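Only one structure is covered here, and it is reproduced in the block below.
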Amino acid sequence: MFSFKAPRGTEDILPAKWALWRKLEEVGRQEFELCGFYEIRTPVFEDTRLFIRSLGEATDIVEKEMYTFADSEDSSITLRPESTAPVMRAYLEYELYKTKKFQKFYYIGPQFRKERPQAGRLRQFHQMGLEAVGASDPLLDVETVSVATRIFDRIGLKGYKVKINSIGCEECRPVFRSILKEKLCEQEKGLCELCQSRLNRNVFRILDCKNEKCKTISYHMPSIHDYLCEGCQSHAKAVREALLDIGIPYIADAHLVRGLDYYTKTVYEITHSSLGARDAICAGGRYDNLISDIGGPSIGSVGFAIGMEATILALENVMERNKSVSPEVYGPSPLIYIVSIGEETRKQCFYLLNLLRKANLSADFDYEGRSPKAQMRTANKLGVKYVIVIGPDELACGDVKIKVMETSEEISLKQNEVLRWFLNRELPLKC
RNA sequence: GUGGGCGUAGCUCAGUUGGUUAGAGCAUUAGACUGUGGCUCUAAGGUCGCGGGUUCGAAUCCUGUCGCUCACCCCA
């Protein structure tokens, strides 16, 4: 018999795992809003050309990793492989820059890339990220880093590293690229096979190669820092100083490069060593050309994306080592469980259940018609504070019995007193 | 797209050179306790991923296939 499964590279987040996701999302939202970012939601699919234009035609994402569909005869849509371009598209479409040039956005949502799944890398994955659009201040670059690190701090993720670099702008990068390429070509035979092909496709990636021979060669290569133009140099310096000033430890990594074409000046990556080969939990940087590339005015922006699966994986690894951090897997328990004994009491229980819920007291009930013992077991497992018992005896005299689970104390009350009794000692949930 | 590893109960895993009714722990449900939770004990549950082959006999060996996983290219 055929059985359905979640498609390759997708995963179901079951209730047992939701607590961590929720925590990450809630902390993220709070932190974003604390720093003046506003949530924006864009469609999960866009005109295919948006991504071709923004990411660059020759990138792997565009060449082989996009979920692209014919929408009608002459239009093609693509499930978003990242959210920066869609956010910028919205910023331009509604001409938001006309009301206020500088705007700060954040987003949380699924992204799609058709690649082979691997640890922390899926075909449908989730990012939460921010975009600060319309300013070139290096302090803004640092603000984005600080938002990311505070999110990680506040969810209790220890042991991450901030790596930062400048990759120059359209002025100085091409100069460095050609010099680097020239020097590397001289040593072509010493490079691994892959890097030899990178010479023509993506020279900067060679600096990042894990092959020992390539590492040695790139160690002796000139550094981008020697070729940065004056503007990029002072920008990079200001970023590093501000990071120090506000106490964010970082690693200046001259070999850090970015896959996407649109980055300029500042690029950074936050990694976690517990993750294995793909260790980035956040990546971002400045993109001063993206907006003009997709048809907007020439204004600078900076942003990052946090990989939520990767972050949660890292968080779980940290908790594994430090069991004192309890994950509260199933989230909050109901306050009250109602146990009915005998078929004829169920209507009364159900009435009471709805009364409690209308007063915002969380309560649940057994719909399987099981034995009182089984219902008590469930109540215990749920971790409720109180159990209300109604059986034929109670029904006959219009009472209910309330059991306080912690002390096993039992109290008899008239049915019409129940609600007041709870409201006197428990705060209703806020809506 | 390329390469490695792994598929046995809901979960985590044992399973001897191929040998009778395939095991453990945890979880679930029921019962012991017929109106009361936690502890204890008992019981229930498996087409050994799927197909083919070798064999008197296959969870075990061979082969194909599907799935998962890790790594590579690339990337969050």
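Order of the sequence lines fixes the chain letters, A, B, ..., with proteins taken first and strands second; residue numbering starts at 1 for each chain. Reckoned from all heavy atoms, side chains included, excluding hydrogens, waters and symmetry mates. Quantities reported herein were computed from a predicted structural model and do not represent experimental measurements.
Annotation: B:A71 and B:A14 have their C1' atoms spaced 28 Å apart (nearest Å). Taking atom C1' in both B:A76 and B:G3, one finds a spacing of 24 Å when rounded to whole Å. A gap of 12 Å separates the P atoms of B:U69 and B:U12, to the nearest Å. Comparing the C1' positions of B:G15 and B:U8 gives a spacing of 9 Å, expressed to the nearest Å. Comparing the P positions of B:U36 and B:A30 gives an interatomic distance of 14 Å, to the nearest angstrom. Spacing between B:C70 and B:G52 at atom C1', rounded to whole Å, works out to 29 Å. Comparing the C1' positions of B:U47 and B:A43 gives an interatomic distance of 24 Å, to the nearest angstrom. Nucleotides B:U29 and B:C73 are separated by 50 Å at their C1' atoms, to the nearest Å.
With hydrogens and angles ignored, a donor-acceptor pair under 3.5 angstrom links the side chain of A:S408 to the base of B:G38. For A:K373 and B:U36, a side-chain-to-base donor-acceptor distance below 3.5 Å is absent, hydrogens and geometry of angles not being considered. Side-chain atoms of A:Q118 and base atoms of B:U69 include no donor and acceptor less than 3.5 Å apart.
In the set B:A76, B:G35, B:C75, the nucleotide with an atom closest to the side chain of A:P392 is B:G35. Of the candidates B:U36, B:G37, B:A76, the closest approach to any side-chain atom of A:M405 belongs to B:G37. When distances are taken from the side chain of A:F125 to each of B:A30, B:C70, B:A76, the shortest belongs to B:A76. The side chain of A:N380 has B:G37 as its nearest neighbour among B:A30, B:A76, B:G37.
Following rounding to the nearest Å, A:Q196 (CD) and B:C72 (P) show an atom-to-atom distance of 20 Å. In this structure, A:Y337 atom OH and B:G38 atom C1' are separated by 16 Å, rounded to whole Å. Atom P of nucleotide B:U28 and atom CD of A:E368 are separated by 13 Å, given to the nearest angstrom. Separating the CD1 atom of A:I338 from the P atom of B:G35 is a distance of 19 Å, rounded to the nearest angstrom. Distance, A:R205 CZ to B:C73 P: 9 Å, rounded to whole Å. Nucleotide B:A76 holds its C1' atom 14 Å from the NZ atom of A:K163, rounded to whole Å. In this structure, A:E65 places its CD atom 10 Å from P of B:A76, rounding to the nearest Å. With rounding to whole Å, A:L256 atom CG is found 13 Å from B:A76 atom C1'.
Summarising the local packing, CZ of A:F45 is surrounded by 12 or fewer heavy atoms from other residues, nucleotides or ligands at distances under 6.0 Å. Other residues, nucleotides and ligands contribute only 12 or fewer heavy atoms inside 6.0 Å of the CZ atom of A:R53.
Across all strands shown, A:P81 has no heavy atoms under 4.0 Å from either base or sugar-phosphate atoms. At the heavy-atom level, A:A119 lies under 4.0 Å from the strands shown only through sugar-phosphate atoms. Among the atoms of the strands shown, only primed sugar atoms or phosphate atoms (P, OP1, OP2) are found under 4.0 Å from some heavy atom of A:A280. Looking at heavy-atom distances under 4.0 Å, A:L194 makes contact with sugar-phosphate atoms alone, never a base. Using a 4.0 Å heavy-atom cutoff across all strands shown, A:E410 reaches at least one base atom of the nucleic acid.
Between A:E309 and A:R278, none of the side-chain N atoms (NZ, or NE/NH1/NH2) sits under 4.0 Å from a carboxylate O, so this pair counts as no salt bridge. Electrostatic pairing of A:E143 and A:K104 counts as a salt bridge here, judged by a charged N lying under 4.0 Å from a carboxylate O. For the pair A:R357 and A:D364, the salt-bridge criterion is met [side-chain N within less than 4.0 Å of a carboxylate O].
Nucleotide B:U34: unpaired (no Watson-Crick or G-U wobble partner with both distances less than 3.5 Å). The partner of B:G57, taking Watson-Crick or G-U wobble pairs whose two distances both stay under 3.5 Å, does not exist in any strand shown. As the counterpart of B:C13, B:G23 is assigned, both hydrogen-bonding distances of the Watson-Crick or G-U wobble pattern falling under 3.5 Å. Taking a pair to require two hydrogen-bonding distances under 3.5 Å in either a Watson-Crick or a G-U wobble arrangement, B:C68 pairs with B:G5.
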_Step-by-step ring pair (Phe, Tyr, Trp, His ring centres under 6.0 Å) determination, A:Y250 to A:Y268_ = CA-CA 10 Å; A:Y250 66 90; A:Y268 58 87; over 10 Å; no
*Applying salt bridge (Lys or Arg N to Asp or Glu O under 4.0 Å), run through A:E368 and A:R370 and close with a yes or a no.*
CA-CA 5 Å; A:E368 295 172 271; A:R370 298 187 305 163; 3.7 Å; yes
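For the pair A:S54/A:M88, no side-chain contact is recorded, criterion being any heavy-atom separation below 4.5 Å from C-beta on.
Nearest-nucleotide positions on RNA chain B for A:R198 and A:E394 put A:E394 closer to the 5' end. Map A:T378 and A:L122 each onto its nearest nucleotide of RNA chain B; the residue landing nearer the 5' end is A:T378.
Between A:F32 and A:Y106, the ring centre distance stays below 6.0 Å.
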What pairs of nitrogen or oxygen atoms, one from the protein and one from nucleotides 64-68 of chain B, lie under 3.5 Å apart?
from  : atom 1 : to   : atom 2 : distance (Å)
B:G67 : O2'    : A:K5 : NZ     : 3.1
B:C68 : OP2    : A:R8 : NH1    : 2.6

Dump every N/O contact between nucleotides 1-3 of chain B and the protein below 3.5 Å, one line per pair.
from : atom 1 : to     : atom 2 : distance (Å)
B:U2 : O4     : A:R116 : NH1    : 2.5

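Side-chain contact check for A:H235 and A:D141: at least one donor-acceptor pair (N or O, by modelled atom type) lies under 3.5 Å.
Note on ring orientation: taking the six-membered ring where Trp is involved, the planes of A:F176 and A:F204 are parallel (angle under 30°, cut-offs 30° and 60°).
Checking the phosphate oxygens (OP1, OP2) of B:C74, no side-chain nitrogen or oxygen of A:K114 falls inside 4.0 Å.
A salt bridge (charged side-chain N to carboxylate O under 4.0 Å, His left out) with A:R29 is found for one member of A:E25, A:E33, A:E26 and no other, namely A:E25.
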